[in-house]
Amino acid sequence: MEKQFVYSFNEGSKDMRDILGGKGANLAEMTKIGLPVPFGFTVSTEACKKYYEDGGKIDQGIIDEILTKLDELENVMGKKLGDPQDPLLVSVRSGAPISMPGMMDTVLNLGLNDETVVALGKLTENERFAYDSYRRFLQMFGDVVMEVPMKRFNEIFDGKKAEVGAVYDVDLTTEDLKSIIEGYKALYVEVLGHAFPQDPKEQLMEAVKAVFRSWGNDRAILYRKLNEISDDLGTAVNVQSMVFGNKGNDSGTGVAFTRNPATGEKKLYGEFLVNAQGEDVVAGIRTPKKIDQMADSFADAYAEFEKIANLLEQHYHDMQDMEFTVENGKLFMLQTRNGKRTAEAAVNIAVDMVNEGLIDKKTALLRIEPEFVEHLLHPRFDADEEAAATAIAKGLNASPGAGCGRICFSADEAAEVAASGEKAVLVRTETSPEDLAGMVAAQGILTQHGGATSHAAVVARGMGKCCVTGCAALDIDEEAKTLTIGDKVFTDKDYISIDGSTGEVFEGMLKLVPVEISGNFNTIMKWADEIRTLKIRTNADTPRDAQQAVEFGAEGIGLCRTEHMFFDEERIPAIREMIVAEDEEARRKALAKLLPFQKSDFKGMYKAMGERPMTVRLLDPPLHEFLPKTPEDMEQLSKSSGIAPERLEVLAENLKEVNPMLGHRGCRLAITYPEIAEMQVEAILTAAIEVCEEEGIEIVPEIMIPLVCSRNELLNVKETVDKTAERVMEEKGRRITYMVGTMIEIPRAALRADDIAKAAEFFSFGTNDLTQMTFGFSRDDTTNIIKDYIDRGIWDANPFQTLDQSGVGHLIETAVTLGKKSRPGIKLGICGEHGGDPRSIEFCHKAGLQYVSCSPFRVPVARLAAAQAVIKEEQA
Ligand code: ADP
Ligand code: MG
Ligand code: MG
């Protein structure tokens, strides 16, 4: 049988999302379960792919198939497209396999022309309605399909309004609308050089092509990039018979969620407009009414809608985001999909649905995007400060969280301000898809218009950004760059704070504080802990970070970098003395000054961690990183070290390296200057023994030797470690168990892991360096190159963010296998940035590592991702 490219709504189901797109699959599913859906058909994503393969042309076979399905639709509806007596009108709607809100454009009322508009007026006994629909269609079709600038249409429309003194659109008479329509048609000729296509079939084919083209527009590409959606999926096109929400006061249109998408509360949440069509609700132009007021306008339709909402949630086992229209009191469903939600709502809904028996725990865990969990840890305003501050305005609490920053009146400004390192708050009358980049850059979004389902609200919730919409008190002048609230005028030099949980707006920057894990969030984390097998450690260098990580659920420290302790102001003079020391004696003198500092640092860390394991890495970075940068610092160093300034210059010069990342660093430092390692080991062991004694606990220090590529290097340093440890234990009169291991961060170490494991009790994969050295891409110098690679499609992802499983991952797997061969009980973990990346965590689980280590704020993300790795493995 030949491949099918077009499906009627009664031929599909929700499981055909790849072919029909999300919207098409769900329209088919709703049709299947008997809900009132205007009939139609879906041109598949396969047709879109073919369109691109064919260089931007629709295949004749597909055209024929569309016409056949159109016939069927006409039969079902008993109306024909273009019929001058009783015309069928359709909408043409895009819908990709993954929902991309606001990315693609919908055309309504297709099929109207100079003839059918007359028929529509007669049939509805509402001439004005017919001409208003026609003018909307000319505008939408011109803008979306023919690329006639919307601005030009608006000029004609607003010009007419001014001419006849109309305040609102509804003040325009039929004659006014007719004259606008003539203006629009002339505009087509002026801009395109040909007339508006009166033939509805031509309109239809042009619209289908336009949807396919929109898959390739900049906004869609940016959205896919931000959300890591493949460019190859393609979009489907839905052609659906029109229903009219703008037929008068017993008609209307709206959108609603089965539960509150900001908080998760189990209550219909949405809004509607009486006598309106299509995007009027989400466009933010008219401020809509709350969904529960719908009962007042159309009682029967509302009762039915409540029933359907409930049914859909039971059917999909998930919170639904629905679009509907009421035509002369009758309800029609136009869309349903799993609703986007904030992290807070995701967690609350998941737990509630488990309690309601709608889903099981594992499904609940899979429902929550690990990346999202971090949003829950995002700061809120300091409660005292917020209580003391007076809100200068209040809008809708569209997306929770708090944000503050400089007022930015455009997306570009927000991007610039953010790039300069300052925080930005995007302030707009309303947002549109063009603002996406600015919304990404901003700390929060504040709009004057729009409801809880406006573009700003939906996109902000998707990004986990705080957002306040419908803040009527704002008076924004984009040109003059002023924001007036009451009698106060703010400019782009001023700062504001917004609270997306309350809708309040404050002057200046309020203090932000982090939150803790409690309530349903804690429940989800507990469920994750029950399932996961990976341990989660954290990368922390200070007792405060360690404490924070423990509160977030860290079970140990996978990487304590000792050099960060060195940068402290009090210590850096001693470090510098050590670096420039010209002989061992001078170096030991300087190191002796550092010892007490290091010891107390480690004691602080051990106290914060209790008996939880902690891996301490010996000094790693190239020494010259610590060298003085200013003349004053040089002078001070000269004094403290007793080395003449001229000589210091020479010594500093000698320390310079052409390739410092491949130079004198890591275990190489401990090999040339064993006294550095001695000091550090003494500090570690003394601290551990003292804390054991003080707290009555057992600590097993893990000492990690970095940048090893051969066993003999490791053995050399290990000897220093063991000798020092023996001495310390002797002096302290107490023996403790400690472990010596290494980082695997040079490809050779991974390839020689069996040999190295003979001398190492544990491996920790340092995937930052391992990625750098495997790719031969400096992680500090190639950010722009990598960005360019991704833009050009040479690479899919930045390997420093998401582990390169086939290359670097292959080395890890090799090292795991080889390491276990010579030491079956070897401890294995990862401590690079990838330890906090959900996809990389899944890989680590599969590769057989025992723990991942990540920054404190990523710990909850990792707990969830590790649980998901187990569930996905079970389900595979
Ligand atoms: P989006 O993906 O941006 O939500 P849609 O294809 O859902 O775009 O269309 C936007 C709106 O247009 C819908 O919410 C609905 O109000 C209106 N619309 C689409 N198709 C029809 C139709 N057949 N009849 C009436 N209104 C429609
Ligand atoms: Mg839209
Ligand atoms: Mg929609």
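When a residue number appears, it is its place in the shown sequence, counting from 1. Indexing begins at 1, ligand by ligand and atom by atom, following the structure's order.
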Review point. Side chains of Asp292 and Tyr302: is there a donor and an acceptor less than 3.5 Å apart?
Key: no
Check your understanding: Does Leu110 reach the side chain of Met242, with side-chain heavy atoms less than 4.5 Å apart?
Key -> no
Review point. So with a 6.0 Å cut-off around NZ of Lys122, is the heavy-atom count from everything else above 12?
Key: no
Review point. Asn10 versus Glu72: any side-chain heavy-atom pair under 4.5 Å?
Key: yes
Check your understanding: N/O to N/O below 3.5 Å, does that happen between Thr325 and ligand 1?
Key -> no
Revision key, fill the gap. Nearest non-hydrogen contact to atom 23 (N) of ligand 1 from the set Gly95, Ser241, Gly22 belongs to Ser241
Review point. Ligand 1 versus Gln240, non-hydrogen atoms closer than 4.0 Å: side chain, backbone, both, neither?
Key: both
Check your understanding: Does Val243, backbone or side chain, put an N or O under 3.5 Å from an N or O of ligand 1?
Key -> yes
Check your understanding: Atoms of ligand 1 less than 4.0 Å from Thr253 heavy atoms?
Key -> 16 (O)
**Study point:** Tyr184 and Phe141, any side-chain heavy atoms less than 4.5 Å apart
**Key:** no
Review point. Is it the side chain, the backbone, both or neither of Gln277 that has a heavy atom closer than 4.0 Å to ligand 1?
Key: neither
Review point. Between Phe332 and Lys330, is there a cation-pi geometry (under 6.0 Å to ring centre, at most 45° from the normal)?
Key: yes
Check your understanding: Within less than 4.0 angstrom of ligand 1, does Gly245 place any heavy atom?
Key -> no
Review point. Ser94 to ligand 1: N or O pair under 3.5 Å?
Key: no
Point to revise | Phe129/Phe244 aromatic ring centres below 6.0 Å | key: yes
Check your understanding: Counting only heavy atoms, which portion of Met242 has something under 4.0 Å from ligand 1: side chain, backbone, both, or neither?
Key -> both
Practice item. Answer yes or no as to whether an N/O/S atom of Gln335 is found below 2.8 Å from the Mg ion (ligand 3). Key: yes
Practice item. Taking only heavy atoms of Gln335 into account, list the atoms of ligand 1 that are under 4.0 Å away from them. Key: 4 (O), 7 (O)
Exercise for review: Look at the rings of Phe196 and Phe137 and say which category their plane angle falls in: under 30° parallel, 30 to 60° tilted, over 60° perpendicular.
Suggested key: perpendicular
Point to revise | Best match, Lys23, Glu323, Arg337, Met140: closest heavy atom to atom 13 (C) of ligand 1 | key: Glu323
Practice item. Using a 4.0 Å heavy-atom cut-off, say whether Leu108 meets ligand 1 through its side chain, its backbone, both or neither. Key: side chain
Practice item. Please name the pair of heavy atoms, one in Phe153 and one in Leu138, separated by the smallest distance, quoted to 0.1 Å. Key: CZ-O, 3.7 Å
Check your understanding: Hey, is Thr106 touching ligand 1 through its side chain, its backbone, both or neither, going by heavy atoms under 4.0 Å?
Key -> side chain
